[in-house]
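Following: one structure in structure tokens, then a few remarks.
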Number of protein chains: 2
Amino acid sequence: MTTPAYSTATNRTATHRAPADGTPAYSTELARLAALLADRTRAAFCLALLDGRAWTAGELAAYAQVAPSTASEHLTRLTEGGLLAERRQGRHRYLQLAGPHVAELLESLTAHLDPPQGAPRGLRAVSASAALARGRTCYDHLAGRLGVAITDAMTARGLVDQDGGFALTDAGRDWFTDALGVEPADLRTGRRPPARACLDWTERRNHLAGTAGARLCDRLLDRRWVRRIGSGRAVRLTDAGAAALQELLGLDGTAAGLR
Amino acid sequence: MTTPAYSTATNRTATHRAPADGTPAYSTELARLAALLADRTRAAFCLALLDGRAWTAGELAAYAQVAPSTASEHLTRLTEGGLLAERRQGRHRYLQLAGPHVAELLESLTAHLDPPQGAPRGLRAVSASAALARGRTCYDHLAGRLGVAITDAMTARGLVDQDGGFALTDAGRDWFTDALGVEPADLRTGRRPPARACLDWTERRNHLAGTAGARLCDRLLDRRWVRRIGSGRAVRLTDAGAAALQELLGLDGTAAGLR
DNA sequence: GCGAGTCTTCGGTGCGTACCGAAGGGACTC
DNA sequence: GAGTCCCTTCGGTACGCACCGAAGACTCGC
């Protein structure tokens with residue numbers, strides 16, 4: 001009698017299905033994590049929240065064009081799944097990514113997607129898209145042509161090493177202190193690496209992420225060298241910022257198509 | 001009249017649902033990608049294939065304990081989704097991960113999973129699990145205590161920089177040439193980085209991945225310093241390997257719990 | 001207080017899909 | 001050529017879940 005393993009009653013229960021070598025217990029967990037993102041609406045929420053800010057439930061519902069009740073259920077699921085963090089304030093429910101690790105997770109997933117297939121339609125869409133391609137925030141660091149150009153300039157000056165992997169050099173650490181006033185201790189927060197490569201959606205090249213990327217973005221916004229455009233994630237380089245980047249990194253913002 | 005956007009006929013079609021700023025067109029793609037892994041059986045297939053070898057459809061079906069017909073459908077879906085590559089040979093269908101980028105994707109997902117909750121039961125399971133924790137392959141490089149110990153030793157000797165991110169140093173490149181006979185040109189293949197951090201499942205610490213990690217694994221297997229245990233992904237350090245690592249990296253295999 | 005605004009809970013509908021067995025198509029062996 | 005093996009295709013079932021509207025809980029402003 002050759003009863004296949006999958007047809008016996010015991011083997012069909014959840015606990016007995018996976019092989020016993022320990023490793024594959026993960027498959028259920030992996031599937032559960034992936035399932036959180038395996039819905040267009042939930043995926044849209046997460047991508048929207050990749051701008052690093054907190055959105056209300058209603059804003060997200062409108063963004064993804066679903067009923068508030070539907071959004072509410074999805075948001076509960078994402079929060080319980082550990083991807084989002086919520087803050088109840090008055091009658092609003094503010095949501096944001098649960099942390100840098102979630103941003104990294106989303107980045108590594110989106111990095112493996114095909115480039116955008118359908119070009120945006122309509123004037124508003126085109127100009128919004130162009131602004132995002134020029135410069136934007138990606139969770140807590142800079143992306144788009146701006147982010148990539150800064151990273152390239154830092155690499156050319158030996159502040160970032162992209163030859164052997166992706167790391168901030170000793171000179172890079174000094175530069176953060178001297179040029180931006182960021183103490184070395186501020187670059188080592190917990191287990192998050194100082195420098196990490198983040199593949200840019202639009203440029204398809206690496207830009208600087210990690211604590212150094214976050215501190216860089218902070219400082220540039222603080223000093224008004226970069227400003228947010230409206231309320232979105234798009235940013236633009238200011239006149240003062242162009243002059244500063246020219247001096248600190250030898251970066252010609254106009255030539256690099258950042259203005 | 002305040003008809004909500006989501007209730008109009010046009011807005012419910014796929015093409016009009018996403019906002020028009022260009023970015024959120026990705027949400028559909030992200031959801032599609034995530035859906036490939038959002039099933040326990042498909043997730044188990046992918047995790048099994050993380051050993052880097054090619055499995056037959058039947059082997060995978062038995063591993064995940066589903067009917068061959070069910071496995072066949074899942075494998076077709078994973079292949080069409082770009083995660084797996086197949087090779088038909090005679091009456092067999094061999095499957096493996098479509099490339100290092102898929103291995104990276106799986107790593108970054110599994111890195112965000114909770115540590116294993118249920119300890120493995122039974123003698124066979126425990127010893128298999130212990131062997132995997134001691135040393136194993138992770139796609140094309142070494143993992144487990146062995147992988148982490150080698151990476152730590154390389155870091156202590158200044159061959160790998162984990163301070164500013166994760167990169168192979170100049171000294172590290174020389175070491176690959178002198179100690180292993182790997183030419184620098186062999187460390188730069190296409191767009192894959194020479195060194196990349198891969199978070200170890202069992203150790204929860206980084207080990208060396210990327211082309212350097214792959215070459216290292218190749219050489220150690222070639223020179224019989226490391227051998228596969230049976231047909232699985234577990235590996236063990238040989239006597240010759242322990243001596244070699246002692247000499248080349250000052251690594252005491254016995255003290256590090258590798259033997 | 002009362003109404004407006006935000007979010008949640010609940011019931012109900014419909015679609016997608018994971019699963020199996022049975023049957024069929026190639027490929028290998030003897 | 002017959003039998004065996006591996007895989008695929010197809011039909012059918014059952015379950016999960018994404019979605020909505022309506023009703024309720026809670027906060028805020030007047």
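Reminder, nothing fancy here: chain letters follow the sequence lines and each chain counts from 1. Side chains included, hydrogens not; waters and symmetry mates left out as well; all remaining heavy atoms used. Please read all numbers here as calculations on a predicted model, not as lab measurements.
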Practice item. Provide, to the nearest angstrom, the distance between the CZ atom belonging to A:Arg40 and the C1' atom belonging to D:dC19. Key: 12 Å
For residues 220-228 of chain B, dump all side-chain donor-acceptor pairs below 3.5 Å to protein atoms at least two apart in sequence or in another chain.
residue  : atom : partner  : partner atom : Å
B:Arg223 : NH1  : B:Ala179 : O            : 3.2
B:Arg223 : NH2  : B:Leu180 : O            : 3.1
B:Arg228 : NH1  : B:Thr137 : OG1          : 3.3

Study note, to complete from the structure: Per-nt protein contacts along nucleotides 5-14 of chain D (heavy atom under 4.0 Å; B base, S backbone sugar-phosphate only, - none) come out as BSSBBB----
Revision key, fill the gap. Heavy atoms of B:Ala209 and B:Cys198 approach each other most closely as CB-CB, 3.8 Å
Review point. Of all residues at least two apart in sequence or in a different chain, which pass the ring pair (Phe, Tyr, Trp, His ring centres under 6.0 Å) check with B:His92?
Key: B:Tyr94
Check your understanding: Pick the nucleotide of DNA chain D nearest each of A:Ala38 and A:Gly90; which residue has the one closer to the 5' end?
Key -> A:Ala38
Exercise for review: Using the salt bridge (Lys or Arg N to Asp or Glu O under 4.0 Å) rule, collect all pairs that involve residues 125-135 of chain B, keeping only residues at least two apart or in two chains.
Suggested key: none
Point to revise | Residue pairs involving residues 61-77 of chain A (criterion salt bridge (Lys or Arg N to Asp or Glu O under 4.0 Å); sequence neighbours excluded) | key: none
Check your understanding: Where does the angle between the aromatic ring planes of B:His112 and A:His101 fall among parallel (under 30°), tilted (30 to 60°) and perpendicular (over 60°)?
Key -> parallel
Practice item. Report the distance from atom CZ of B:Arg77 to atom P of C:dC19, rounded to the nearest whole Å. Key: 11 Å
Practice item. Figure out the CG/C1' separation between A:Leu78 and D:dC17, and round it to whole Å. Key: 14 Å
Exercise for review: Compare side-chain N and O positions of A:Arg42 against OP1 and OP2 of D:dA18 and report whether any pair is under 4.0 Å apart.
Suggested key: yes
Review point. Per the end-axis method with five pairs at each terminus, what is the bend angle of the helix from C:dG1-D:dC30 to C:dC30-D:dG1, to 10°?
Key: 30°
Exercise for review: Take the protein atom CD of A:Gln89 and the nucleotide atom C1' of C:dG5, then report the distance between them rounded to whole Å.
Suggested key: 16 Å
Exercise for review: With salt bridge (charged side-chain N to carboxylate O under 4.0 Å, His left out) as the test, would you mind laying out the steps for B:Arg40 and A:Glu29 before giving the verdict?
Suggested key: CA-CA 8 Å; B:Arg40 188 173 57 196; A:Glu29 290 303 309; over 6 Å; no
Revision key, fill the gap. To the nearest angstrom, the CG-P distance between A:Leu95 and C:dT6 comes to 15 Å
Review point. Below 4.5 Å, heavy atoms only, C-beta onward: do B:Leu47 and B:Trp201 meet side chain to side chain?
Key: yes
Point to revise | Stepwise ring pair (Phe, Tyr, Trp, His ring centres under 6.0 Å) test for A:Tyr63 and A:Trp55 | key: CA-CA 10 Å; A:Tyr63 176 82; A:Trp55 293 49; 5.5 Å; yes
Review point. What is the distance from CG of B:Leu37 to P of C:dT17, rounded to the nearest Å?
Key: 15 Å
